[in-house]
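Reminder, nothing fancy here: chain letters follow the sequence lines and each chain counts from 1.
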Amino acid sequence: MSENRYDPHEVEPRWRRVWEEMDLFRADLEHAERPCYALVMFAYPSGDRLHVGHWYRYGPADSWARHMRMRGYDVFEPFGFDAFGLPAENYAVRTGVHPKDSTDSNVANMIAQLKAMGAMWDWARTLNTSEPAYYRWTQWLFLKLYEAGLAYRREAPVWWCPTDQTVLANEQVVGDNVCERCGTPVEKRDLTQWFFKITDYADELLEALDGLEWPERTKTLQRNWIGRSEGVEIEWKVQKADAVVRTFTTRPDTLYGVTFLALAPEHALLSTIVAPDRREEVEAYLARSRRLSEIERTSTEKEKTGVFTGAHAVHPLTREPVPIWVADFVLGTYGTGAIQGVPAHDQRDWEFARALDLPIVKVIESVDPAVAPADQAYTGHGTVVDSGPYTGMRSEQMLHEVIAELAHSGQGHKTVNYRLRDWLVSRQRYWGAPIPIIHCPQCGEVPVPEEDLPVELPYDVDFSLGAGKSPLERSAAFLEVDCPRCGQRARRDADTMDTFVDSSWYYFRYLSPHDDDRPWSPTLADRWLPVFQYSGGIEHAVLHLLYSRFVTKAMRDLGHVSIDEPFQRLFHQGTITNAGAKMSKSRGNVISPDEYVSQYGADAFRAYLMFGFSWAEGGDWKDEGIRAISAWLQRVWRIVERHRGLFADGYALREGDPSTEAAQELRLVRHRSVKGAGEDLAGWQFNTAIARMMELVNALYQYAPVEGEPAHDVHEPLLGECIETLVRLTAPIVPHLAEELWFMIGREPSIVDAGWPEFDPQVLATGEVTIAIQLNGKVRDEMRVPRDLSDEDLKDRAARHGRIPDLLQGRPIRKAIV
RNA sequence: GCCGGGGUGGCGGAACUGGUAGACGCGCGGGACUUAAAAUCCUGUGGGCGCGAGCCCGUGCGGGUUCGACUCCCGCCCCCGGCACCA
């Protein structure tokens, strides 16, 4: 290798050793004055090599954190592993390698690889959720929620994945009802399971989104998922029975158009109200609908079906009888499990009425007659017709009035419904935190006393997927236990917790990972939370990001923290693809970071990922990109190397007042670069931040060509100042190279504490500038003017400039814009 | 269907609250250095017309507001993501 080249392979490991010896990235959480908690999402140790995705999300996140440290923040940047979970266990089923062994070895390999990235992670505070010292507190969390009534066990129809042999949370069922993990179509089963009562927080989870600095689409995902819907619950007295059917509707203004009620097949009242002569037919219908899968039942393509129950309800306003049907398009899990059928103004009700020949009564007329198709329901608002005293009113107004009337007569009240369901947290798998509950024949559910935590996972278990029983269910050593309350023989709960429980509170634990008498320090939590800046994938929008918000709020209400939200600011990285497709082993298009890192160095790899893409978007991998950025790093190195002589001792780097035009221009670029790069880094716009640095480099080459001998006998403070600035600007992006250059110009390590360069808005506002002269929106000429010229003077000069007088022909210039 | 995001050169991507569209980079053309190549340095590069000064056209499509629109308004088309028989 020629002497005139930067060699990352020698430099990078050397500086990493120095940083480690300096203990540079150990955060002093107790004494921080400007805390900046820079958090990246957990890594899954499901493989032992880093892939491009790891570099793409962690490298830039570290660059942001580095720039914050240079700005004087006390940055805390931890890293840890979400080590429990199905992949490790499935691997064990296939190969017989114990999840603990494969996970531990993957974690060790990943840490070794991660260290080569040169990030500021504080490895003294790493976490591994599968270690008893961690999951002890996951179990503590469970117990706290249990004590507060926020964790409960009940039988419910739940999603079951036949491949993974476990239940799943609603949030883990994606697309056409398939398992988020393995893609297998899931089934509904009635099982007794543990839930966290996230629905208690539905309203706050929704409301508080407005105050979060999150991407709009992520907030939208959560809003849709929570699915708040305001409406009215209406009571319908059933004729000849001591029963009341409650329906939920968002459109009480259509009440006079109700021609039937429909109950879900699982509705509890059904057996009470069904007429004896209809019982047989109803039973047959229920049996039929039970056989249908959830997918078939809820398919919009499916013909509407239903059966008359023989019962009638009394219309709350007209007192007319309304037939009650059972129909499987009505969901037992939403609202009250019963609906008021208004065929004229609801498309589903319309289809139902057409299929079963029920009357369709129009009660709202569109104001615009053009929007009144005859072959479907009219769902908009308009003028009320055939609705007793409300006739002639605007439907929006009737909506309010009819609510008041129903409330007045005790037949209905305003209510809110949510799509959100409680979080199903139990899993019939081994590799997770055991649920700290003991089932005693005498005492029932008994929480494990806190002092007995952790309930440790036994190492010695049988992993074969047998007869629907998990390894823990088959482990007598684990299951058999004495009841902590009465001392009788009892049985441990054999389920483990969803791994999303592990990751729902880890940001607290990072603050005091070694405390063994409490999950976190309230003092540190108050000082460091909410997380200053969080980053990770959008795929967790309604999973981890929702669960963590719930856990934080629950812990707040239980008095364990004082914050309302865990993550104030959030960014999502995009995805790096190759040849237009996601990288995967099966496609054979996986780019291995190792090859590129060993060829170009960690800095170049990081810098390419930051420059070649808009970080939030991602994009397609291109080999030329990394070659280009690597060449640019050499270019940076060369210019600094060439002028290092400027930094001989005692040399003053004040940029002074440049006299020549070239010097003025260079100074201007310097200030512009500092401003631009700083703002862009702060906003995670890495590509444009680097572009600003490139402009400074280009300006330096213009100013001081590298041909020939450098003329350093000439006093050149501006050049020195610019070079020093350049080195500081690049430090967050290419930490190793910048540290080397910093050292090369005679400074002490480390550059992360050398401060971020400042710019002077005055400089950007003074000097001469070229402006375009537009007439009627078209550029007609340009001229050089001082930046601080007044509008009047500007107009005046422009009107006399070049060919402008000819074009103006005596008319004045109306407005000037600089 | 509803909600959110997006559509800009050959390519990746810029453009703050409307003010020279295409920063920066790749690729490509030209030049310097070299016996030569690589590397490096300089230079040109949205499209069309023109010898030239210059002119015309250009941010998915069609209208509009404005002295001026990638940006704002109205009506569409297409792509990505989420939700969806949610009453």
For [N], which nucleotide is its Watson-Crick or G-U wobble mate, given both distances must be under 3.5 Å?
N: rU59(B); answer: none
N: rG9(B); answer: none
N: rC83(B); answer: rG1(B)
N: rU45(B); answer: rG27(B)
N: rU40(B); answer: rA32(B)

Between [N] ([atom2]) and [X] ([atom1]): distance, integer Å:
X: Leu212(A); N: rG4(B); atom1: CG; atom2: C1'; result: 17 Å
X: Ile538(A); N: rC80(B); atom1: CD1; atom2: P; result: 16 Å
X: Arg223(A); N: rC2(B); atom1: CZ; atom2: P; result: 19 Å
X: Tyr608(A); N: rG25(B); atom1: OH; atom2: C1'; result: 11 Å
X: Arg627(A); N: rA39(B); atom1: CZ; atom2: C1'; result: 13 Å
X: Asp680(A); N: rG13(B); atom1: CG; atom2: C1'; result: 13 Å
X: Glu679(A); N: rA15(B); atom1: CD; atom2: P; result: 12 Å
X: Tyr701(A); N: rU40(B); atom1: OH; atom2: C1'; result: 9 Å

Of residues 684-698 of chain A, the positions that come close to RNA chain B - non-hydrogen atoms, cut-off under 4.0 Å
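Listed by number, they are Asn687(A), Thr688(A), Ala691(A), Arg692(A), Met694(A), Glu695(A), Asn698(A).
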List, one per line, each side-chain donor-acceptor pair under 3.5 Å for residues 690-699 of chain A, sequence neighbours excluded.
| from | atom 1 | to | atom 2 | distance (Å) |
| --- | --- | --- | --- | --- |
| Arg692(A) | NE | Glu695(A) | OE1 | 2.9 |
| Arg692(A) | NH2 | Glu695(A) | OE2 | 3.3 |
| Asn698(A) | OD1 | Arg635(A) | NH2 | 3.0 |

When rounded to the nearest Å, what value does the distance between [atom1] atoms of [N] and [M] take?
N: rC73(B); M: rA23(B); atom1: C1'; value: 29 Å
N: rC72(B); M: rG81(B); atom1: P; value: 25 Å
N: rG25(B); M: rC42(B); atom1: P; value: 11 Å
N: rA15(B); M: rC24(B); atom1: P; value: 14 Å
N: rG62(B); M: rC70(B); atom1: P; value: 14 Å
N: rU43(B); M: rG5(B); atom1: P; value: 42 Å
N: rA38(B); M: rG30(B); atom1: P; value: 13 Å
N: rG10(B); M: rC80(B); atom1: P; value: 23 Å

Within the structure shown, what part of the strands sits under 4.0 Å from [X] by heavy-atom distance: base, sugar-phosphate, or nothing?
X: Gln702(A); result: sugar-phosphate
X: Arg217(A); result: sugar-phosphate
X: Ala631(A); result: sugar-phosphate
X: Gly337(A); result: nothing
X: Ile339(A); result: base
X: Gly625(A); result: nothing

From [options], nucleotide with atom closest to [X] side chain:
X: Arg419(A); options: rC83(B), rC26(B), rA87(B); result: rC83(B)
X: Ser614(A); options: rG13(B), rG5(B), rC86(B); result: rG13(B)
X: Asp328(A); options: rC3(B), rC85(B), rC42(B); result: rC85(B)
X: Phe611(A); options: rA39(B), rC3(B), rG25(B); result: rG25(B)
X: Lys304(A); options: rC85(B), rC42(B), rC86(B); result: rC85(B)
X: Glu216(A); options: rA39(B), rG5(B), rC41(B); result: rG5(B)

Any donor-acceptor pair under 3.5 Å from Lys219(A) side chain to Leu212(A) backbone:
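Yes; at least one donor-acceptor contact below 3.5 Å.
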When you measure from the side chain of Asn589(A) to the backbone N and O of Lys582(A), does any donor-acceptor pair fall under 3.5 Å?
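Yes; judged by distance alone, with no hydrogens or angles, the pair exists.
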Nearest-nucleotide wise, let me know which of Thr250(A) and Trp615(A) is further upstream toward the 5' end of RNA chain B.
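Looking at RNA chain B, the more 5' nearest nucleotide goes with Trp615(A).
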So which one's nearest nucleotide on RNA chain B is more toward 5', Ile629(A) or Gln634(A)?
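Between the two, 5'-proximity favours Ile629(A).
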In terms of side-chain heavy atoms, does Thr333(A) have a donor or acceptor partner in Arg421(A) at a distance below 3.5 Å?
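Checked: Thr333(A)/Arg421(A) side chains show no N/O donor-acceptor pair below 3.5 Å.
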For Asp422(A) and Thr199(A), which I'm curious about, is there any donor-acceptor pair between the side chains at under 3.5 Å?
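There is such a pair (donor and acceptor under 3.5 Å, judged by atom type) between the side chains of Asp422(A) and Thr199(A).
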On the 0 to 90° scale, with breaks at 30° and 60°, tag the Tyr56(A)-Trp615(A) ring pair as parallel, tilted or perpendicular.
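Rings of Tyr56(A) and Trp615(A): tilted, as their planes differ by 30° to 60°.
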Evaluate the ring planes of Phe329(A) and Phe352(A), with Trp represented by its six-membered ring, and classify them as parallel (under 30°), tilted (30 to 60°) or perpendicular (over 60°).
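Answer is tilted, since the angle falls between 30° and 60°.
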Using 4.0 Å as the upper bound for N to carboxylate O, is an ion pair formed by Glu641(A) and Arg644(A)?
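Judged by the 4.0 Å cut-off on N to carboxylate O distance, Arg644(A) and Glu641(A) do form a salt bridge.
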Before accepting this row, confirm whether a basic side-chain N of the pair Arg223(A)/Glu216(A) lies closer than 4.0 Å to the acidic partner's carboxylate O.
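Answer for the salt bridge query: yes.
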Does a side-chain N or O of Arg635(A) approach OP1 or OP2 of rC42(B) to a distance below 4.0 Å, or not?
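Indeed, a polar side-chain atom of Arg635(A) lies that close.
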Pick from Phe613(A), Tyr600(A), Tyr596(A): which one makes a ring pair (Phe, Tyr, Trp, His ring centres under 6.0 Å) with Tyr608(A)?
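In the set Phe613(A), Tyr600(A), Tyr596(A), the residue that makes a ring pair (Phe, Tyr, Trp, His ring centres under 6.0 Å) with Tyr608(A) is Phe613(A).
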rG9(B), syn or anti by chi within 90 degrees of zero
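Because its glycosidic torsion lies within 90° of 0, rG9(B) adopts the syn conformation.
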Please evaluate the base of rC26(B) for a donor-acceptor partner in the side chain of Lys622(A) within a cut-off of under 3.5 Å?
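Between rC26(B) and Lys622(A), which were checked side chain against base, a qualifying N/O pair under 3.5 Å is absent.
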Assert yes or no for the condition that the ring centre distance of Phe260(A) to Trp325(A) is strictly below 6.0 Å.
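For Phe260(A) and Trp325(A), the ring centres are not under 6.0 Å apart.
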